[in-house]
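Structure record follows, encoded as structure tokens.
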Amino acid sequence: MPELPEVETIRRRLAPLVEGRTLREMEIVDPRWCDPLDPVALIDALVGRRVERLDRRGKYLIWEGQDEVFLLMHLRMTGTVLYDPAPDTPYVRVRLTLDDPPSGGQAGHTLCFCDPRRFGTGELAFGRPALDDFLDARLGIEPLGPHFTSDHLFTLTRGRLAPIKAFLLDQRRIAGVGNIYANEALFRAQIHPLRPAGQLKRKQIAALRDGVVGALSAGLNAGGASIDDFRHPDGVRGAFQNEFLVHGRGGEPCFVCGREIRRFVAAGRGTYACERCQVRPRVL
DNA sequence: CGACACTCCTGATGGC
DNA sequence: TGCCATCAGGAGTGTC
């Protein structure tokens, strides 16, 4: 599942290939992708515009077109963006053609949004204020930004009765953390996923901040995690799935203490924890 | 505020 | 081997 590190990996690799190019053609194979927007209207709004910048906020990949027309792509569970993929690539939902013909070739480069489960979405925003309204309504602080401090996280968690796992998954509080990185961050911080967020002490909050930043950074350095369909734009897999400390390791020994990693459901998601390293709250 | 159910979707998995 | 039921899960929405 693409979370912040996966989307940022895509952005970094794609940006040099698309920035400054003009969108020449666009085909929306699956109109559900931009529902309730009319695919024709979306195409009309974008085709002919230069891509000024490829950006990211939380798990959104943001294409800034000429004159502040923004395309917001969310990859959800199984979305990928492939650059010049093989012609028989399956699950293509959207196809984009850029105006830069390869040297000697005829056609421009092609970008495909592929998404087996079809959860991914495309939305438009006209003008920067509209973009900011859209993002501010959905997303909280950027965890890899300069303002994501221990003090800030402490303030955010005060009074919250929800389990810290649910808190981390709420995009309106912290933007970009999904199930994998929440599991990894909580293990790094030695905090049990079911502990109420507001109950955490300053020291634990400091460890959690470092755990979130550490897990996301490690994911980014590994080029993201490819456990489902995630691929880089050139089709290469990420490597972070080989570095998971707890995620997906139910029944296997904890790398720190050797106790069996437990799997249970928290916040409706598959949750993995070492209940020796991450002490379970007494009341639970 | 928060827990929970439901929706979208399809590949993977398990039972028989 | 085939067929059906179940599951996973990000985010939005609705209910209690």
Side-chain angles (χ1 to χ4, degrees), chain A residues 1-8 10 28-37 39 56-62 72-81 89-94 113-125 133-140 143 155-186 193-200 212 215-216 219 224-231 237 241 244 246-251 262-272 281 283-284:
Chain A
M1 321 157 246
E3 304 182 25
L4 188 155
E6 287 73 28
V7 180
E8 180 61 17
I10 290 174
I28 298 176
V29 182
D30 176 14
R32 199 176 296 239
W33 174 69
C34 57
D35 183 72
L37 270 181
R56 180 197 58 76
R57 271 278 276 132
K59 302 176 194 172
Y60 282 94
L61 188 64
I62 304 170
L72 297 109
M73 289 181 52
H74 199 299
L75 310 183
R76 296 287 177 100
M77 305 291 304
T78 55
T80 52
V81 183
T89 299
Y91 312 118
V92 174
R93 309 300 181 198
V94 180
F113 173 68
C114 301
D115 187 14
R117 287 186 212 177
R118 300 166 67 195
F119 280 3
T121 57
E123 297 174 71
L124 288 180
D133 285 350
F134 180 98
L135 295 173
D136 292 345
R138 293 167 174 78
L139 303 178
T155 305
L156 280 181
T157 50
R158 288 316 90 181
R160 298 279 75 80
L161 299 175
I164 188 61
K165 172 85 187 273
F167 177 91
L168 290 176
L169 292 177
D170 186 344
Q171 302 300 299
R172 289 168 304 184
R173 307 194 189 280
I174 302 173
V177 178
N179 197 36
I180 294 173
Y181 291 93
N183 285 334
E184 293 295 303
L186 287 167
L194 294 179
R195 193 166 287 280
Q199 195 190 80
L200 296 172
V212 168
L216 293 175
S226 289
I227 51 168
D228 282 312
D229 306 75
F230 175 71
R231 296 289 183 278
R237 296 164 58 87
Q241 66 280 6
F244 289 164
V246 288
H247 185 82
R249 297 193 61 242
R262 283 205 50 207
R263 183 197 190 274
F264 50 94
V265 174
R269 301 284 177 270
T271 300
Y272 301 86
V283 293
L284 296 170

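All values reported here derive from a predicted model rather than from experimental measurement. Residue numbers start from 1 in every chain, and the chains themselves are labelled A, B, ... in the order their sequence lines are given, proteins ahead of strands.
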task: Might you work through the side-chain contact (heavy atoms from CB on, under 4.5 Å) test for A:Thr157 and A:Leu200, ending with a clear yes or no?
output: CA-CA 8 Å; A:Thr157 50; A:Leu200 296 172; 5.5 Å; no

message: Looking at A:Asp115 and A:Phe119, would you say the former's side chain and the latter's main chain have a donor-acceptor pair under 3.5 Å?
response: yes

task: Just call it for A:Gly268: base, sugar-phosphate, or nothing, with non-hydrogen atoms closer than 4.0 Å on any strand.
output: nothing

A:Thr80 and A:Asp229: side chain donor to acceptor below 3.5 Å: no

message: On DNA chain C, compare the nucleotides closest to A:Arg117 and A:Arg138; which residue's is nearer the 5' end?
response: A:Arg117

A:Ser226 side chain reached by A:Arg231 side chain, heavy atoms, under 4.5 Å: yes

query: Whole Å only: how far is the CD atom of A:Glu3 from the C1' atom of C:dG10?
result: 10 Å

- line: Under a 4.0 Å heavy-atom cutoff, the residues of residues 163-175 of chain A touching DNA chain B are A:Pro163, A:Arg173

message: Please tell me if A:His74 has a side-chain N or O lying less than 4.0 Å from either OP1 or OP2 of C:dG10.
response: no

- prompt: For A:Asp229 and C:dG9, what is the distance between atoms CG and P respectively, to the nearest whole Å?
  reply: 14 Å

message: Counting the atoms with a prime plus P, OP1 and OP2 as sugar-phosphate, which does A:Asp115 contact under 4.0 Å by heavy atoms, base, sugar-phosphate, or nothing?
response: nothing

task: Taking atom types as modelled, find out whether A:Tyr181 and A:Glu6 have a side-chain donor-acceptor pair closer than 3.5 angstrom.
output: yes

- line: Assert: residue with more 5' nearest nucleotide on DNA chain C, out of A:His247 and A:Tyr60, is A:His247

Under 4.0 angstrom between A:Arg118 side-chain N/O and B:dC8 OP1 or OP2: no

- prompt: Can you check the A:Leu61 CG to C:dG10 C1' distance for me, whole Å?
  reply: 16 Å

field: Residues in side chain to side chain contact (heavy atoms under 4.5 Å, CB included) contact with A:Arg118, at least two apart in sequence or another chain
entry: A:Asp30, A:Arg32, A:Arg93

message: If I take atom CG in residue A:Leu75 and atom P in nucleotide C:dA11, what distance separates them, rounded to the nearest angstrom?
response: 11 Å

statement: Rounded to whole Å, CD of A:Glu123 lies from C1' of C:dA11 at a distance of 11 Å

- prompt: Do you know the tightest heavy-atom contact between A:Trp33 and A:Gly120?
  reply: CD1-O, 3.6 Å

query: Looking at A:Tyr91, does any N or O in its side chain come under 4.0 Å of the phosphate oxygens OP1/OP2 on B:dG11?
result: yes

- request: Would you check if A:Phe119 stacks with the base of C:dG10, given a 5.5 Å centroid limit and a 30° plane limit, both strict?
  value: yes

- request: Answer with base, sugar-phosphate or nothing: what part of the nucleic acid does A:Met1 contact at a heavy-atom distance below 4.0 Å?
  value: sugar-phosphate

query: Rounded to the nearest Å, what distance is computed from the CG atom of residue A:Leu4 to the P atom of nucleotide C:dG10?
result: 14 Å

query: What's the CD1-C1' distance between A:Ile227 and B:dA12, to the nearest Å?
result: 13 Å

field: Whole-Å distance separating the CG atom of A:Asn179 from the C1' atom of C:dC7
entry: 14 Å

Touch class at under 4.0 angstrom, heavy-atom based, for A:Arg263 against every strand present: sugar-phosphate

query: Between A:Tyr272 and A:Phe244, does the ring centre distance come in under 6.0 Å?
result: no

query: Between A:Arg160 and B:dG2, is there a side-chain N or O to OP1/OP2 distance below 4.0 Å?
result: yes

message: It should be established whether A:Arg76 places a side-chain nitrogen or oxygen under 4.0 Å from OP1 or OP2 of nucleotide C:dG12.
response: no

